[in-house]
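Contents: one structure, followed by commentary.
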Amino acid sequence: MSPTGMQIPVAKPLLDEQEIDAVRRVVLSGWITQGAEVAAFESEFAAFVGASHACAVSNCTTALHLALKVVGVGQGDEVITVSHSFIATANAVRYCGAVPVFVDIEPDGFNIDPSLVEAAITPKTKAILCVHQLGMPCDLAQIVEIGRRYSIPVIEDAACASGSEVLWNSQWEKIGRSHGDVACFSFHPRKLLTTGDGGMLTTTVAEFDAKFRLWRQHAMSVPDTVRHGSQRVIFESYPELGYNYRMTDLQAAIGRVQLIRLPGLVSKRRRLAEQYRDGLSRIEGLTAPVEPSWARTNWQSYCVTLPDWLDQSKIMQALLDRGVSTRRGVMNIHRESAYADPHSHRIAGHLGRSIAAQEKSIILPLFAQMTESELSFVLESLQQATSTLSRSVSRLVG
Ligand SMILES: *Cc1c(COP(=O)(O)O)cnc(C)c1O
């Protein structure tokens with residue numbers, strides 16, 4: 001068993017009395033849905049990432065839907081993205097009536113391979129939806145350059161990337177300024193900054209931000225906050241089709257506390273990840289994830305690649321038997337039944353690396369409260385499991 005005799009979870013949000021105090025303040029204020037707290041969270045988040053605009057929504061999936069819609073993605077259009085992502089990435093494309101076009105990932109990482117993007121472009125391509133998978137920035141410089149050259153907007157699925165950074169014109173900048181046209185964040189508990197559920201759209205384009213604000217609130221011409229504060233009777237109107245994609249003030253109040261914690265969470269995770277990298281270099285067969293020189297990840301997940309001879313479910317079971325939770329590598333969207341209809345998507349080239357990444361990688365426990373001894377125990381368990389499993393393989397072969 002682990003040092004504490006407890007199961008080591010794969011992830012764990014950091015929440016305490018400060019979040020409780022924040023929610024208490026909101027409950028007692030009498031205004032609990034989208035209001036002053038959401039507005040404050042938006043301006044604090046915008047300042048944090050260096051964006052001119054930030055609009056809070058109910059989650060990252062709804063953020064992706066609005067981002068694709070604002071750049072004009074509609075019925076029959078194509079959006080270039082990856083299959084190797086959480087299913088919401090491609091689902092948002094389908095909400096617009098468009099077709100996700102899947103390209104493969106890089107040889108030494110879990111992000112879109114920029115060298116495959118150009119070949120996937122057709123006259124129907126209306127956006128490139130790149131993902132900063134597991135918090136690791138994708139190669140934005142190359143993708144944004146391709147987008148500019150073909151006049152195709154770039155949307156960043158930054159669901160996992162709160163607090164991650166990219167080297168941009170020789171300066172470290174936060175993911176979300178945004179470097180593409182719009183960046184979309186998630187505040188689900190599996191990400192670093194959590195509000196339970198929640199999302200954020202950041203952009204430098206004022207007109208996009210105005211559209212997000214309209215659409216998230218039923219496309220209501222005059223928001224309830226304005227009517228509430230008015231001394232004159234105002235009737236609202238609904239000029240176009242909108243949605244209810246609001247974040248509540250309860251969530252935003254938690255988010256504001258979490259945002260203050262975020263830099264500390266990132267540096268703690270980066271220290272733990274270094275300890276993993278050192279330890280993994282001494283375990284035969286396992287490959288630590290690579291951080292490119294132009295990226296500073298928040299290590300939302302720490303995903304290790306297994307050698308061919310090591311069975312994914314066997315090693316995960318061996319770790320679980322010792323109280324260490326893991327998860328398989330990121331899924332592939334095109335392999336799910338929801339994508340069985342060949343008209344639901346298009347595959348550009350091969351997805352061999354995406355499939356290998358799903359089957360030959362595992363996500364190790366990593367969370368801010370994790371102790372060095374817990375991390376050493378994970379490494380020791382990996383060492384033991386790989387050597388036991390390699391002996392059984394060599395017995396079979398020999
Ligand atoms: C978590 C995640 C989403 C969905 O975020 P929600 O806030 O749960 O809607 C989308 N894309 C990626 C890559 C994710 O990891």
Side-chain angles (χ1 to χ4, degrees), residues 49 51 60-61 63-68 70-71 73 77-93 96 98-121 125-162 164-168 173-186 199-204 208 291-292 294-295 297-298 300 330-334 345-349 351 353-354 357:
V49 300
C60 184
T61 310
L64 289 167
H65 181 196
L66 297 188
L68 291 164
V70 92
V71 298
V73 174
D77 293 335
E78 290 186 345
V79 174
I80 298 171
T81 189
V82 282
S83 173
H84 189 65
S85 184
F86 182 58
I87 197 161
T89 306
N91 282 353
V93 176
C96 298
V99 178
V101 175
F102 297 132
V103 299
D104 211 355
I105 57 171
E106 302 161 298
D108 55 357
F110 305 110
N111 276 325
I112 189 166
D113 183 342
S115 73
L116 302 175
V117 171
E118 260 187 278
I121 295 173
T125 309
K126 285 289 160 58
I128 300 168
L129 174 53
C130 59
V131 183
H132 303 302
Q133 196 54 261
L134 308 175
M136 184 70 75
C138 68
D139 194 341
L140 274 172
Q142 285 204 58
I143 290 162
V144 168
E145 189 277 320
I146 296 167
R148 292 230 176 93
R149 194 147 35 88
Y150 287 85
S151 299
I152 298 171
V154 173
I155 310 293
E156 298 168 57
D157 180 341
C160 302
S162 298
S164 296
E165 294 177 326
V166 66
L167 197 58
W168 197 259
E173 293 186 352
K174 294 274 185 324
I175 291 294
R177 278 183 80 87
S178 57
H179 300 94
D181 295 76
V182 185
C184 306
F185 292 88
S186 170
M200 192 74 81
L201 289 140
T202 61
T203 184
T204 54
F208 288 176
E291 181 176 64
W294 42 262
T297 176
N298 63 7
Q300 181 269 338
V330 174
M331 64 182 293
N332 279 290
I333 299 167
H334 75 285
H345 65 282
R346 182 163 76 77
I347 293 174
L351 300 179
R353 289 183 205 138
S354 299

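In this chain, numbering begins with 1 at the start of the sequence shown.
Rounding to the nearest 0.5 Å gives a distance of 11.5 Å between CD of Glu106 and CD of Gln133. Taking SG of Cys96 as the reference point, atom CG of Leu68 lies at 5.0 Å (rounded to 0.5 Å). Arg148 CZ to Asp181 CG: the interatomic distance, rounded to the nearest 0.5 Å, is 8.0 Å. Here the straight-line distance linking atom CD1 of Ile128 with atom CD of Glu118 works out to 9.0 Å at 0.5 Å rounding. Atom CD1 of Ile152 sits about 6.0 Å away from atom CD1 of Ile80, to the nearest 0.5 Å. Between the CD atom in Glu145 and the CG atom in Leu140 there is a gap of 13.0 Å [rounded to 0.5 Å].
In this structure, Asp139 and Asn111 have side chains that are not in contact, with every pair of non-hydrogen atoms separated by 4.5 Å or more. Using a 4.5 Å cut-off on side-chain heavy atoms (C-beta onward), Ile112 and Val103 make contact. Between Val79 and Val99, the closest side-chain pair of non-hydrogen atoms is not below 4.5 Å. Here the side chains of Ile146 and Ile121 are in contact, with some heavy-atom distance below 4.5 Å. Within the 4.5 Å cutoff, no side-chain heavy atoms of Cys130 are placed close to those of Asp157. Proximity of Asp113 to Arg353: side-chain heavy atoms (C-beta onward) are separated by under 4.5 Å at one or more points. Residues Thr125 and Val101 form no side-chain contact, since every pair of their non-hydrogen atoms from C-beta on lies 4.5 Å or further apart. Here the side chains of Cys184 and Ile155 are in contact, with some heavy-atom distance below 4.5 Å.
Here the closest non-hydrogen pair linking Ile105 and Phe110 is CG2-O, 3.7 Å. Contact detail for Cys60 and Phe185: the closest heavy-atom pair is CB-O, 3.4 Å. Contact detail for Ala161 and His132: the closest heavy-atom pair is CB-CB, 3.8 Å. Nearest heavy atom pair, residue Phe102 against residue Leu351, reads O-CD2, 3.9 Å. Scanning all heavy atoms of the two residues, the minimum distance from Pro114 to Ile143 falls at CB-CG1, 4.2 Å. Of all non-hydrogen atoms in Leu134 and Asn298, the two that sit nearest each other are O-OD1, 4.1 Å.
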Derivation of the side chain to side chain contact (heavy atoms under 4.5 Å, CB included) call for Asp104 and His84: CA-CA 8 Å; Asp104 211 355; His84 189 65; over 6 Å; no

Residue pair Met331, Ile87: steps toward the side chain to side chain contact (heavy atoms under 4.5 Å, CB included) verdict: CA-CA 8 Å; Met331 64 182 293; Ile87 197 161; 3.9 Å; yes

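Considering Ser186, Ser162, Cys160, Ser164 as possible partners of Gln300, the one that fulfils the side-chain contact (heavy atoms from CB on, under 4.5 Å) test is Cys160.
Glu156 and His179 share no side-chain donor-acceptor pair at under 3.5 Å. A side-chain donor-acceptor contact under 3.5 Å links Ser83 and His334.
Although no hydrogens or angles enter the test, the distance criterion places no donor-acceptor pair under 3.5 Å between the side chain of Asp77 and the main chain of Ala98. Side-chain atoms of Thr89 come within 3.5 Å of backbone atoms of Phe86 as a donor-acceptor pair (strictly under, hydrogens ignored).
A salt bridge between Arg346 and Glu78 is present, with a side-chain N of the basic residue lying under 4.0 Å from a carboxylate O of the acidic one.
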